[in-house]
Amino acid sequence: MTPAQLLELEPSELWGDVWHRLGRAARDPRHSFRPPVVATLCPERGVRARTVVLRESDPEAGTLTLHTDRRAGKLAGLDLEPRVSGCFYDPRHRVQVRAETRATVHAGDAEARTAWESQGAAAHRLYAVAPAPGSALPGGWQAPARDEGDAGFENFAAVRCAVEELECLQLAREGHRRLHYRRDRDGSWRGTPVVP
Ligand SMILES: Cc1cc2nc3c(=O)[nH]c(=O)nc-3n(C[C@H](O)[C@H](O)[C@H](O)COP(=O)(O)O)c2cc1C
């Protein structure tokens, strides 16, 4: 769909289109929604953003899932404040999606195990690193030590982010359009147009 065609969609159709993109991105490593930027509270700096990979997207539950190392700085922030703000941009279709979410961290539980099993050996090795991500290397750059197999599972976390608000900004020559989605009392999502 072109940006002009996307402008024609009703809010409920655009909602479906957004979740279709999020679903594709979770399966397709080349999709432009695959690496969103997510911002969390940072105990030292107030706020911090970083790129992550979107691993799962569930339109029925309204959740987006990321994987990370439970020793990572972002998890220290999530302990204090579970809200995660995610920002996706598709340059081809000129669509930005911002998702305001509340995260639940799964580490060492059945959900973490399922997420872990969905990943291959190369991903597993990333979590079996010592010392922890972000640790200073006083001796200069050296590749950190890595274990093989299941050793990294104890450091692995699946972060499930429940969407509480979502905003879609469609850029188009004909005029930009911005829609803000919130849940109604009956649980359905309602999109309200706002000034771009
Ligand atoms: C394209 C790309 C994808 C990334 N994917 C992830 C990811 O899925 N999970 C993750 O924890 N970090 C990922 N990172 C690294 C983070 O951006 C960040 O450097 C790291 O998680 C440390 O962040 P923190 O100290 O805020 O926890 C990715 C970086 C890039 C450039």
Taking side chain as C-beta onward, heavy atoms only, is Thr68 less than 4.5 Å from Val159? yes

Could you please spell out the steps behind the salt bridge (charged side-chain N to carboxylate O under 4.0 Å, His left out) verdict for Arg160 and Glu56? CA-CA 9 Å; Arg160 186 140 300 148; Glu56 261 183 76; 3.3 Å; yes

Distance-only, no hydrogens or angles: does the Asp90 side chain make a donor-acceptor pair with backbone N or O of His93 under 3.5 Å? yes

Evaluate the side-chain proximity of Leu14 to Arg177: yes if any heavy-atom separation is below 4.5 Å, no if none is. yes

May I have the step-by-step check of side chain to side chain donor-acceptor pair (under 3.5 Å) for Trp116 and Asp150, ending in yes or no? CA-CA 9 Å; Trp116 175 258; Asp150 216 37; 2.7 Å; yes

Separation between CH2 (Trp19) and CZ (Arg24), nearest 0.5 Å, reads 16.0 Å

Non-hydrogen atoms of Thr63 and Ala162 that approach each other most closely: CG2-CA, 4.0 Å

Before you tell me yes or no, could you show the steps for Trp15 and Leu179 under side chain to side chain contact (heavy atoms under 4.5 Å, CB included), namely the whole-Å CA-CA distance, both residues' side-chain angles and the distance that decides it to 0.1 Å? CA-CA 9 Å; Trp15 177 255; Leu179 278 156; over 6 Å; no

Taking the side chain as every heavy atom from C-beta outward, state whether Leu7 and Glu174 have any pair of such atoms under 4.5 Å apart. yes

Student check: side-chain heavy atoms of Pro43 and Leu80 closer than 4.5 Å: yes

Please answer whether the main-chain N or O of Gln119 pairs with a side-chain N or O of His124 as donor and acceptor at a distance below 3.5 Å. yes

Could you walk me through whether Val18 and Cys168 satisfy the side chain to side chain contact (heavy atoms under 4.5 Å, CB included) test, starting with their C-alpha distance in whole Å, then the side-chain angles of each, then the deciding distance to 0.1 Å, before giving a yes or no? CA-CA 8 Å; Val18 165; Cys168 182; 4.0 Å; yes

Does Asp109 come within less than 4.0 Å of Arg113, counting only side-chain N to carboxylate O? no

Looking only at heavy atoms, what is the nearest atom pair of Ala107 and Arg70, with distance? CB-CZ, 3.4 Å

If only atom types and distance count, is the side chain of Arg34 paired as donor or acceptor with the main-chain N or O of Ala26 below 3.5 Å? yes

To the nearest 0.5 Å, how far apart are CD in Glu81 and CZ in Arg102? 6.5 Å

Assigning hydrophobic clusters by single linkage (Ile, Leu, Val, Met, Phe, Trp, Tyr; side-chain heavy-atom cutoff under 4.5 Å), is Val129 placed with Leu75? no

Other residues, nucleotides and ligands only: do more than 12 of their heavy atoms fall within 6.0 Å of CZ on Arg183? yes

For residues Val47 and Leu41, determine if any side-chain heavy atom of one lies less than 4.5 Å from a side-chain heavy atom of the other. no

Are Leu66 and Val163 linked, directly or through intermediate hydrophobic residues, by side-chain heavy-atom contacts shorter than 4.5 Å (ILVMFWY only)? no

Any Leu22 side-chain heavy atom under 4.5 Å of Pro59 side chain: no

When clusters are formed by joining ILVMFWY residues with side-chain heavy atoms under 4.5 Å apart, either directly or through shared neighbours, do Leu9 and Phe33 land in the same one? yes

Do the non-hydrogen side-chain atoms of Leu171 and Leu169 ever get within less than 4.5 Å of each other? yes

I'd like to check Val52 versus Pro36 (side-chain heavy atoms, cut-off strictly below 4.5 Å). Are they in contact? yes

Polar side-chain atom of Tyr181 near backbone of Pro11 as donor-acceptor pair, under 3.5 Å: yes

Rounded at 0.5 Å granularity, tell me how far CG in Leu54 sits from NE2 in His67. 9.5 Å

For His176 and Ala172, indicate whether the former's side chain and the latter's backbone hold a donor-acceptor pair under 3.5 Å. yes

Begin with the C-alpha distance, continue with both residues' side-chain angles, and end with the deciding distance and a verdict on side chain to side chain donor-acceptor pair (under 3.5 Å) for Glu165 and His180. CA-CA 7 Å; Glu165 287 175 65; His180 188 88; 2.9 Å; yes

Ignoring hydrogens and angles, tell me if any N or O in the side chain of Glu10 forms a donor-acceptor pair with the backbone of Ser12 under 3.5 Å. no

Test item: Ser57 side-chain N/O and Leu64 main-chain N/O as donor-acceptor pair under 3.5 Å: no

Quick check: does any side chain N or O of Arg50 sit under 3.5 Å from a backbone N or O of Val38, one acting as donor and the other as acceptor? yes

Is the Tyr127 ring parallel, tilted or perpendicular to the Phe156 ring (thresholds 30°, 60°)? perpendicular

Main-chain N/O of Arg71 paired to Asp69 side chain as donor or acceptor, under 3.5 Å: yes

Flag the pair Glu167 and Arg178 as a salt bridge only when some basic side-chain nitrogen lies within less than 4.0 angstrom of an acidic carboxylate oxygen. yes

Here's one to test your reading of the geometry: is the NZ or CZ of Arg98 within 45 degrees of the ring axis of Phe88 and under 6.0 Å from its centre? no

Got a sec: does the CZ of Arg94 have more than 12 other heavy atoms crowding it under 6.0 Å? yes

